[in-house]
Amino acid sequence: MPVQRLDNRVVLIHPKGATAELLLYGATVISWKAGSRANSEPAERLFLSSKALLDGSKAVRGGIPIVFPCFGPPTHPEHSRLSQHGFARSESWELDSTVTDNDDGVSVRLTLGPTPSIIAKYNRSFHLAYVVTLQEHQLSTDLHVTNTSTSDGLEFQALFHNYVLAPADEVLVYPLQNIMYYDKTEATEEGRNKPKVESRSNVDVRKFTDSVYEDASQKYEVMWPGEGVQIRTSGLKDVVIWNPQSEAGSKMADMEDGGWKKFVCVEPGCVRGFTNIEPGKTWVGQQVLSVVLM
Ligand code: TA6
């Protein structure tokens, strides 16, 4: 059975053994298991804090939370009543359909529209569709944002907040050299708003890192000795690299002790400025995560 619907979650099972698991809450992928070589045993590729709340009471600490319509603390007037990273990751989505189910892969479509709890804090006309596709060594996530208004434009930010399971003190992310970025670990607002240029060919997260790269390559290697994950994107011009290390991680109630040593967040999105879609139009942001075959 390639798609199993359990009470509050969906499990995708590939004929060759890979699996993915999503909560309907936030349409959050909480597990992706895939082999790193043909016919090798599938292994977990995403970090999920053992203290993550999976009961719908709080956005999940791990997996792939969806950030929409705002990234970080809201700055747009239409988002003023929203919490950090918007509402998409903390609303219950509908399982709409199984999109593909064949030997190559299986995919499901989830949807979210203006529910009463959303309308109470965000009164824009929109429809979200999220398609998750599991193949033998790949996981794809596509976010479709439709402006259902007949008259007004829709301005938003969107991002896939990927918690890639990796040894934080060894993992390297590239290519980011010569890309402009904003360092959110700077102590002052002036420092956080001052653009820097990445000088490193390989970015590490051995110290507290929270960098927002603008207009990056849309293709990222997340590598550590013997393993890695490639991320290929379209429609997602920016990328955030985050690891709280103990400095920030130890202050998070839902971050397991030392959890910050087990992941790097590599988060493709459109987060510098706002994307604007015209009435009736749809924007699509896609990422493909691939296990590097060693
Ligand atoms: O993507 C990096 C970031 O914006 C960090 O600044 C940190 O806040 C992280 O997201 C996690 O945010 P959350 O709201 O999930 O605790």
Side-chain angles (χ1 to χ4, degrees), residues 23 25-30 46-76 79 81-91 121 141 143 156-166 168 171 173 176 179 181-189 191-193 196 198 203-205 207-214 216 220 222 231 233 236-257 259-274 285 287 289:
L23 294 181
Y25 177 74
T28 311
V29 176
I30 57 171
L46 299 175
F47 170 77
L48 181 68
S49 169
S50 59
K51 293 185 178 176
L53 298 174
L54 305 181
D55 60 358
S57 60
K58 183 181 185 297
V60 176
R61 180 66 62 203
I64 307 177
I66 301 171
V67 170
F68 175 88
C70 57
F71 171 72
T75 56
H76 193 291
H79 305 156
R81 288 174 289 160
L82 302 180
S83 50
Q84 164 145 300
H85 291 340
F87 58 75
R89 64 176 183 166
S90 46
E91 291 287 336
K121 57 196 173 186
T141 67
L143 180 65
F156 65 93
Q157 297 168 327
L159 171 136
F160 297 127
H161 204 292
N162 303 316
Y163 284 76
V164 178
L165 189 66
V171 69
V173 184
L176 291 165
I179 303 295
Y181 73 101
Y182 296 83
D183 182 350
K184 291 168 61 183
T185 67
E186 286 284 348
T188 66
E189 187 169 352
R192 290 189 290 272
N193 290 331
K196 301 179 179 178
E198 182 56 68
V203 169
D204 67 72
V205 289
K207 67 180 181 62
F208 176 24
T209 302
D210 194 354
S211 302
V212 182
Y213 293 84
E214 188 168 13
Y220 312 104
V222 185
I231 303 178
T233 76
L236 302 172
K237 65 180 179 64
D238 309 322
V239 65
V240 177
I241 308 297
W242 177 65
N243 182 293
Q245 289 293 349
S246 172
E247 184 174 340
S250 58
K251 298 169 187 158
M252 295 177 162
D254 56 357
M255 176 64 75
E256 69 183 59
D257 296 344
W260 47 84
K261 291 299 184 189
K262 302 179 182 175
F263 70 88
V264 58
C265 276
V266 182
E267 314 162 21
C270 286
V271 297
R272 289 290 306 169
F274 292 91
Q287 67 173 352
L289 308 179

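Residue numbers run from 1 in the order of the sequence given. Each ligand, and each atom within it, is numbered from 1 in the order the structure gives.
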**Request:** Please say whether Tyr163 places an N or O atom under 3.5 Å from an N or O atom belonging to ligand 1.
**Result:** no
**Message:** With side chain to side chain contact (heavy atoms under 4.5 Å, CB included) as the test, pick out the partner of Val222 among Ile241, Val203, Ile231.
**Reply:** Ile231
Closer than 4.0 Å to some heavy atom of [X] - which atoms of ligand 1 meet that?
X	value
Lys184	4 (O), 6 (O)
Glu267	1 (O), 2 (C)
Phe71	1 (O), 4 (O)
Gln84	8 (O), 12 (O), 13 (P), 14 (O)

**Asked** Looking at Lys196 and Asp183, does any basic side-chain N land under 4.0 Å from a carboxylate oxygen?
**Response** yes
**Asked** Between His79 and Phe274, what is the ring plane arrangement, given parallel below 30°, perpendicular above 60°, and tilted in between?
**Response** tilted
**Message:** Can you classify the ring geometry of Phe68 versus Phe87 as parallel (below 30°), tilted (30 to 60°) or perpendicular (above 60°)?
**Reply:** perpendicular
Which protein non-hydrogen atom lies closest to [atom], naming both residue and atom, and how far is it?
atom	value
atom 16 (O) of ligand 1	Arg61 NH2, 2.9 Å
atom 3 (C) of ligand 1	His85 NE2, 3.8 Å
atom 6 (O) of ligand 1	Asp210 OD2, 2.6 Å

**Item:** Close side-chain approach of Leu46 to Tyr163, heavy-atom, < 4.5 Å
**Value:** no
**Item:** ligand 1 contact on Arg89 by region, counting heavy-atom pairs under 4.0 Å
**Value:** side chain
**Asked** Could you give the distance from CZ (Arg89) to NE2 (His161), rounded to the nearest 0.5 Å?
**Response** 7.0 Å
**Message:** Rounded at 0.5 Å granularity, tell me how far CD in Glu247 sits from CZ in Phe208.
**Reply:** 5.5 Å
